[in-house]
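Note sheet for the following structure.
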There are 2 protein chains.
Amino acid sequence: MPPSANTLMIRKLESIFPLSNEERQALSELPIQVMVSKPDQDIVRVGDRPSQCCMLIRGFTCVYKLTAEGKRQIVAFHVPGDIPDLQSLHLKVLDNSVATVSACTLGFIQHEALHDLCNRHPRITAALWRETLVDASIFREWMTGIGRREAYNRMAHLLCELKVRLEAVGLAEDGTFDLPVTQTELADAIGASPVHVNRVLQELRGDGLIRSKGTQVSILEWEGLKAAGDFDPLYLHLRKDGNA
Amino acid sequence: MPPSANTLMIRKLESIFPLSNEERQALSELPIQVMVSKPDQDIVRVGDRPSQCCMLIRGFTCVYKLTAEGKRQIVAFHVPGDIPDLQSLHLKVLDNSVATVSACTLGFIQHEALHDLCNRHPRITAALWRETLVDASIFREWMTGIGRREAYNRMAHLLCELKVRLEAVGLAEDGTFDLPVTQTELADAIGASPVHVNRVLQELRGDGLIRSKGTQVSILEWEGLKAAGDFDPLYLHLRKDGNA
DNA sequence: CGGATCGTTGAGTTGTATCAAGACGGGTGG
DNA sequence: CCACCCGTCTTGATACAACTCAACGATCCG
C-alpha cells in the first residue's frame, strides 16, 4: 500500500529537515488534490502563473527549458515526494516547464494553503525554503557536470544521484530501481545526443558498473560508479549524511 | 559616494520584492561588517559551515565547483547587492566555494541577525527566499545554455545577463559596464576553454555586437546580442518586467 | 626594464553531433 | 494468436565544435 500524499510529503521533508509532532500534524491536514497523468504531459508551462503547487506522488517528472532552436534541456528529474514547482510560491511567472516522464500520480496544493501553513509554522517555511535550496544545489552540480565532465561521467553521476534520491524515499533497494526514462530524455538531461547516451550506457555496462533490463537499472559496482561519476552526495544535503 | 551596505541590500531586495517602510527600517538597522578583499581570494570553501552570510558591496565574485580532475566550473557571478552564500542560512555545509573575481568590498551579516530579522518580519523571509529562487532560476538558464547552446551564443547570453543585472543596481549605462573578469574566468563560467572564449569574443566584436577596451565592455547592438544569446530576461524575475 | 599575467594565433586532435538505416519489442487489431 | 506497427534502441559513417598544446604579443607594474 503506497503512502498517502500527506505522509509522503512529511517523509520527504523529514529527509532533509527535522519536524515536530505539531508540524507533522499540520502537514497531515494540508488539503491535497490527487490526480493521475499519462507520460509526456506538460503539467505547467513557461509563462504560466499557477495558483497551486504540484507534488509528485508516483512516477517521474522533469523540469525542462527549450532554446530558440527548439533544443530541450532537462534541468531536473523528480522522485516521489518532490514538489517540482515549489518556486511558484514566490516567483509568480514560471520560467520553465514541468512535464511527466512516466505515468504519474500528482498531488496539487493551493498556494493559499501553503502560505497559510507557513504563516502558522515558521519552521515549515524553513523546511520548504530548504527544499528549494537543495534543488538549487542539484542545479549547480548538474551544471558542473555538463560544463566540465564528459558524457560518460555525467551519465554515471546521474545514475548515482537517482539511486541515492530514490533510496531516500524507499524506491531503490540493493542498488536496483525502476527508471522509466528513455535514452532521449537522459540525453536531454545530461546535455548529450541520444546516440551518444546509447554508447555511453553500453560503456557503463561493458565496464561492469551497471546492468539494465527493460526499465530496471541495477548498479553492480557502487564504488566504481561513484568514482566514474565523480559523485559525492554532499550536495544532496540529506540529513542522514550529517551535513544538514 | 557609493551607497552604504544596508542601502544596497534594500535596493537589491526591492528590485525583486516590494518592501514597506517598516521593513526598510529593520533592514537599515541590520549589523553588517564591511571588509575589503583582493582578487582571486576564496571567501568560503566547500565543506565550510559558516555562521554568517556575505553580501557583495563592490566588485565581482563567483561561485565555483571543482571536479575530481581539477577542472573548474563557475556556476554564478555576483553583482553588488547579491548575497553569494545566502543558502548557508539553511544548508549548514557548503557544497560550493565562493571567491572574489576582482578586488571587492564585502559585507558580513551574522546568521543569527538574519534569522532574527526573518522571525520579526515574515515578508523579509519571503524576500530572501525569493532571492534564492532567482539564483536557482539563473542556474537553470545557465545549465540550458551549457547543455544546449553553442559557445558563441552562451557568451552573448552571459553578456546580456550581466548588462541587465548591472543595470538593475545602477552599474551599467548605455549598454556599457566594467567587467574585470579574465577570459579564463569567462571560460569557466560558460563551460569552454580560454582559447575558445577568445575566439568567440572576437566573433562577437567582428559581428559588431560588442566592443571592449580594457575591462570596459560596450554592447553596440542590444537586439542583435539578445538574439545571438537567445536571451529573454524573464528568468531574472525583475519587478520592473512585471513578472514578479 | 625585467617579469608576470593576460590576450592572441596557428596547428593538430578529440569528443560528440548528425545522418541514416536496421533491429528489437511491446502493444493493437484482425 | 499472429501480423503489423510504432517507438525505442542500436550501429556505422561522416562532420564539426571545441579542446589541447605551444608559442608569441601586449600590458601593466614594481
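To find a chain, count down the sequence lines: A is the first, B the second, and so on, and within it residues start at 1.
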Do [X] and [Y] make a side-chain contact, defined as non-hydrogen atoms from C-beta onward lying under 4.5 Å apart?
X: A/Leu94; Y: A/Val46; result: no
X: A/Leu106; Y: A/Ile57; result: no
X: B/Val169; Y: B/Lys12; result: yes
X: A/Tyr152; Y: A/Leu204; result: yes
X: A/Glu161; Y: A/Leu236; result: yes

Axis-to-axis angle for the helix from C/dT8-D/dA23 to C/dG30-D/dC1, ends of five pairs each, to 10°, equals 40°

Starting at [atom1] of [X] and ending at [atom2] of [N], how long is that distance when rounded to a whole Å?
X: A/Arg149; N: C/dT16; atom1: CZ; atom2: P; answer: 13 Å
X: A/Glu69; N: D/dA17; atom1: CD; atom2: C1'; answer: 13 Å
X: A/His196; N: D/dG12; atom1: NE2; atom2: P; answer: 16 Å
X: A/Leu186; N: D/dT8; atom1: CG; atom2: P; answer: 12 Å
X: A/Gln73; N: C/dA17; atom1: CD; atom2: P; answer: 11 Å
X: B/Tyr152; N: D/dC16; atom1: OH; atom2: C1'; answer: 18 Å
X: B/Arg148; N: D/dA17; atom1: CZ; atom2: P; answer: 16 Å
X: A/Ile190; N: C/dA17; atom1: CD1; atom2: C1'; answer: 13 Å

- prompt: Does the ring center of B/Tyr235 lie less than 6.0 Å from the ring center of B/His157?
  reply: yes

Contact class for A/Gly191 (heavy atom, under 4.0 Å): base, sugar-phosphate, or nothing?
sugar-phosphate

Between B/Val98 and the options B/Ile43, B/Asp42, B/Leu56, the side-chain contact (heavy atoms from CB on, under 4.5 Å) test singles out B/Ile43

Atom pairs under 3.5 Å, N or O on each side, protein against nucleotides 5-11 of chain C: can you list them with distances?
unit_1	atom_1	unit_2	atom_2	d
C/dG7	OP2	B/Gln183	N	3.0
C/dT8	OP2	B/Gln183	NE2	2.8
C/dT8	OP2	B/Asn198	ND2	2.6
C/dT8	O5'	B/Asn198	ND2	3.2
C/dT9	OP2	B/Gln202	OE1	2.5
C/dT9	OP2	B/Gln202	NE2	2.8
C/dG10	N7	B/Arg199	NH2	2.4

Which side-chain N or O atoms in residues 214-223 of chain B pair as donor and acceptor under 3.5 Å with protein atoms at least two apart or in another chain?
unit_1	atom_1	unit_2	atom_2	d
B/Thr215	OG1	B/Asp178	OD1	2.5
B/Gln216	NE2	B/Asp178	OD1	3.1
B/Ser218	OG	B/Thr176	OG1	3.0

Test side-chain hydrogen bond (donor to acceptor under 3.5 Å, both in side chains), reference A/Asp230, set A/Arg148, A/Arg154, A/Arg149, output is A/Arg149

Below 4.0 angstrom from OP1 or OP2 of C/dT18, is there any side-chain N or O of A/Lys71? yes

